[in-house]
*Asks:* 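I am attaching a structure below and will ask some questions about it afterwards.
Order of the sequence lines sets the chain letters (A, B, ...), proteins ahead of strands, with each chain counted from 1.
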Protein chains: 2
Amino acid sequence: MYTIDSKSYPCCTSVTMRFIGGKWKAVILHHLIGGAKRYNELRKVIPTITERTLSLQLKQLEEDNIIDRKVYTEKPPLMVEYTLTDFGKTLLPVLEAITQWGIAAPDNSKKITKN
Amino acid sequence: MYTIDSKSYPCCTSVTMRFIGGKWKAVILHHLIGGAKRYNELRKVIPTITERTLSLQLKQLEEDNIIDRKVYTEKPPLMVEYTLTDFGKTLLPVLEAITQWGIAAPDNSKKITKN
DNA sequence: CAGCATCCGCTATGATACTG
DNA sequence: CAGTATCATAGCGGATGCTG
């Protein structure tokens, strides 16, 4: 049994899902593998996420110390960059496995269409 | 861009999360890696899941052709076994990566307590 | 044993408009 | 540019009781 922020998780698998579960977190992290990205750059590569949701997910990832948020300007227009922390980088093998499966999946399931 | 059941997914990562995302699916699959398990066996190894949720998640995994449901009796008491399908087994590398990260995570983050 | 039925609150996600 | 505010909704997950 594991405890995170006063909540219980029954096994190691559920611990991982606590950090990268949900609809968007793995996708965001996937796009940060190549290096730092700005808020609007993330929006462009994930066109179906809304501003609000992206904002909330980034905040949570930052709280979990998986990504780092750096502000480069004092006054508008703002310039903010997001990068993986060292802890976040320990997720690389997981993200890689998730990505590879997603690439191969359309060949293995009729439900998935690539277009 | 990918399409599954008339919904759009912006990248391969989000496709994978469509199948194993959420709080429980990866946990359930993790416990099926070793072979077939019955409904109540799953409940025992995942004590914090409710009957209803386990039931719903199993149904969804079955619909996605990730697990197979076999009924071995005609009349009560019922005997039902769940196993990974061949398609489900393609998830093994992903589940393995998720599990390994969960095992190592408490050493890398102060937020996680093992007890 | 392996579930379904019902009710319900919470959280996640979304649409739109606005701001430092 | 990088968000926040507000409002709204859908689905997840839970509690309890019942059934073939």
Side-chain angles (χ1 to χ4, degrees), chain A residues 4-11 13-14 17-29 31-32 36-64 67-83, chain B residues 4-10 13-14 17-28 31-32 36-64 67-83:
Chain A
I4 307 169
D5 294 334
S6 307
K7 288 186 182 175
S8 296
Y9 297 82
C11 77
T13 309
S14 59
M17 297 315 283
R18 150 69 178 72
F19 283 89
I20 62 161
K23 193 171 173 180
W24 296 114
K25 283 183 179 172
V27 179
I28 293 169
L29 295 174
H31 288 294
L32 290 179
K37 276 216 162 54
R38 299 172 63 174
Y39 182 81
N40 272 353
E41 289 180 309
L42 287 172
R43 284 193 62 201
K44 267 177 214 162
V45 291
I46 316 174
T48 50
I49 198 171
T50 61
E51 294 177 14
R52 172 191 152 83
T53 300
L54 176 58
S55 197
L56 287 172
Q57 302 296 309
L58 287 169
K59 212 173 284 180
Q60 287 178 26
L61 289 168
E62 195 191 351
E63 265 175 32
D64 285 341
I67 63 172
D68 196 30
R69 179 180 185 271
K70 277 182 193 148
V71 186
Y72 288 97
T73 53
E74 277 278 319
K75 289 176 184 176
L78 291 184
M79 152 123 181
V80 179
E81 272 190 357
Y82 295 93
T83 51
Chain B
I4 307 170
D5 294 334
S6 308
K7 287 186 181 175
S8 296
Y9 297 82
T13 309
S14 59
M17 298 316 283
R18 150 69 178 73
F19 282 89
I20 63 161
K23 192 172 176 181
W24 296 115
K25 283 183 180 172
V27 179
I28 294 169
H31 288 293
L32 292 179
K37 276 218 162 53
R38 299 173 61 175
Y39 182 80
N40 272 352
E41 289 180 309
L42 287 171
R43 284 194 61 199
K44 267 177 214 161
V45 291
I46 316 174
T48 49
I49 199 172
T50 62
E51 294 177 15
R52 170 192 153 83
T53 299
L54 176 56
S55 199
L56 287 174
Q57 301 295 310
L58 287 170
K59 209 172 287 180
Q60 287 178 28
L61 289 168
E62 196 192 349
E63 265 174 32
D64 285 342
I67 63 172
D68 196 31
R69 180 180 185 270
K70 277 182 192 147
V71 187
Y72 287 97
T73 53
E74 276 280 319
K75 288 177 184 176
L78 290 185
M79 153 119 179
V80 179
E81 271 191 357
Y82 295 93
T83 52

*Asks:* If you assign P76(A) and I49(A) each to the DNA chain C nucleotide with the nearest heavy atom, which residue ends up on the more 5' nucleotide?
*Replies:* I49(A)
*Asks:* From OH of Y9(B) over to C1' of dT13(C), roughly how many Å is that when rounded to an integer?
*Replies:*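 Going from Y9(B) (OH) to dT13(C) (C1'), I get 13 Å.
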*Asks:* Using whole Å, report how far CG of L54(B) lies from P of dG13(D).
*Replies:* 12 Å
*Asks:* Roughly, in whole Å, what's the span from CZ in R43(A) to C1' in dG3(D)?
*Replies:* 10 Å
*Asks:* Nearest to the side chain of W24(B) - dT4(D), dG14(D), dC1(D)?
*Replies:* dG14(D)
*Asks:* Rounded to the Å, how far apart are E62(A) CD and dA2(D) P?
*Replies:*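 In whole Å, dA2(D) P and E62(A) CD are 15 Å from each other.
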*Asks:* Whether the side chain of T83(B) engages the backbone of A36(B) through a donor-acceptor N/O pair (distance < 3.5 Å, no angle test) should be reported.
*Replies:* no
*Asks:* Given atom CE of M17(A) and atom P of dG13(D), what is their separation to the nearest angstrom?
*Replies:*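 After rounding, the gap between these two atoms is 10 Å.
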*Asks:* From CG of L58(B) over to P of dG13(D), roughly how many Å is that when rounded to an integer?
*Replies:*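 Distance check: L58(B) CG to dG13(D) P gives 13 Å.
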*Asks:* Does Y72(B) put a side-chain nitrogen or oxygen below 4.0 Å from OP1 or OP2 of dA2(C)?
*Replies:* no
*Asks:* How close or far is atom P of dA5(C) from atom CG of L56(B), stated in whole angstroms?
*Replies:*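 After rounding, the gap between these two atoms is 11 Å.
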*Asks:* Among dT13(C), dC4(C), dT4(D), which is the nearest nucleotide to the side chain of K59(A)?
*Replies:*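 Selected nucleotide: dT4(D).
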*Asks:* With a 4.5 Å limit on heavy-atom distance, are the side chains of D5(A) and R18(A) in contact?
*Replies:* yes
*Asks:* Report for the helix from dC1(C)-dG20(D) to dG20(C)-dC1(D): angle between first-end and last-end helix axes, five pairs each, rounded to 10 degrees.
*Replies:*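 Overall, the helix from dC1(C)-dG20(D) to dG20(C)-dC1(D) bends by 60° from one end axis to the other.
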*Asks:* The side chain of R69(B) is closest to which nucleotide in this list: dG20(C), dG3(C), dG14(C)?
*Replies:* dG3(C)
*Asks:* Are W24(B) and L58(B) side-chain neighbours, meaning at least one heavy-atom pair lies under 4.5 Å?
*Replies:*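 Not touching, per the 4.5 Å side-chain cut-off.
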*Asks:* Classify E41(B) by what it touches in the nucleic acid, base, sugar-phosphate, or nothing, heavy-atom distance under 4.0 Å.
*Replies:* nothing
*Asks:* List the residues meeting salt bridge (Lys or Arg N to Asp or Glu O under 4.0 Å) with R43(A), not counting sequence neighbours, and say none if there are none.
*Replies:* E51(A)
*Asks:* I want to verify a distance call: between dG3(D), dC1(C), dG20(C), whose nearest atom is closest to the L78(A) side chain?
*Replies:*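 Nearest nucleotide to the side chain: dG20(C).
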*Asks:* With a 4.0 Å cutoff (strictly under), does any side-chain N or O of T53(A) reach OP1 or OP2 of dA12(C)?
*Replies:*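 Looking at the OP1 and OP2 atoms of dA12(C), neither is under 4.0 Å from any side-chain N or O of T53(A).
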*Asks:* When you compare the side chain of L32(B) with that of L42(B), does any pair of heavy atoms fall below 4.5 Å?
*Replies:* yes
*Asks:* Which part of the nucleic acid, if any, lies within contact of K23(B), taking any heavy atom under 4.0 Å across all strands shown: a base, the sugar-phosphate backbone alone, or nothing?
*Replies:* sugar-phosphate
*Asks:* Taking only side-chain nitrogens and oxygens of Q57(A), does any of them come within less than 4.0 Å of OP1 or OP2 of dA12(C)?
*Replies:*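 No, Q57(A) has no side-chain N/O under 4.0 Å of OP1/OP2 on dA12(C).
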*Asks:* Compare the minimum distances between each of dA15(C), dT4(D), dG3(C) and the side chain of T50(A), then state the nucleotide with the smallest one.
*Replies:*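 For the T50(A) side chain, the nearest candidate turns out to be dA15(C).
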*Asks:* State, with a plain yes or no, whether a side-chain heavy atom of V80(A) is found less than 4.5 Å away from one of Y39(A).
*Replies:* no
*Asks:* Which nucleotide sits closest to the side chain of Q60(B): dC12(D), dA15(C), dC1(C)?
*Replies:*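 Looking only at heavy atoms from C-beta outward on Q60(B), the closest nucleotide is dC12(D).
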*Asks:* Any side-chain heavy atom of Y82(B) within less than 4.5 Å of one from L61(B)?
*Replies:*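 No. Closest side-chain heavy atoms not under 4.5 Å.
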*Asks:* Measure the distance from CD on E74(A) to C1' on dC1(D) and round it to the nearest whole Å.
*Replies:* 15 Å
*Asks:* Considering only heavy atoms and no angle criterion, is a donor-acceptor pair shorter than 3.5 Å present between the side chain of R52(A) and the base of dT13(C)?
*Replies:*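 Such a pair exists between side chain and base.
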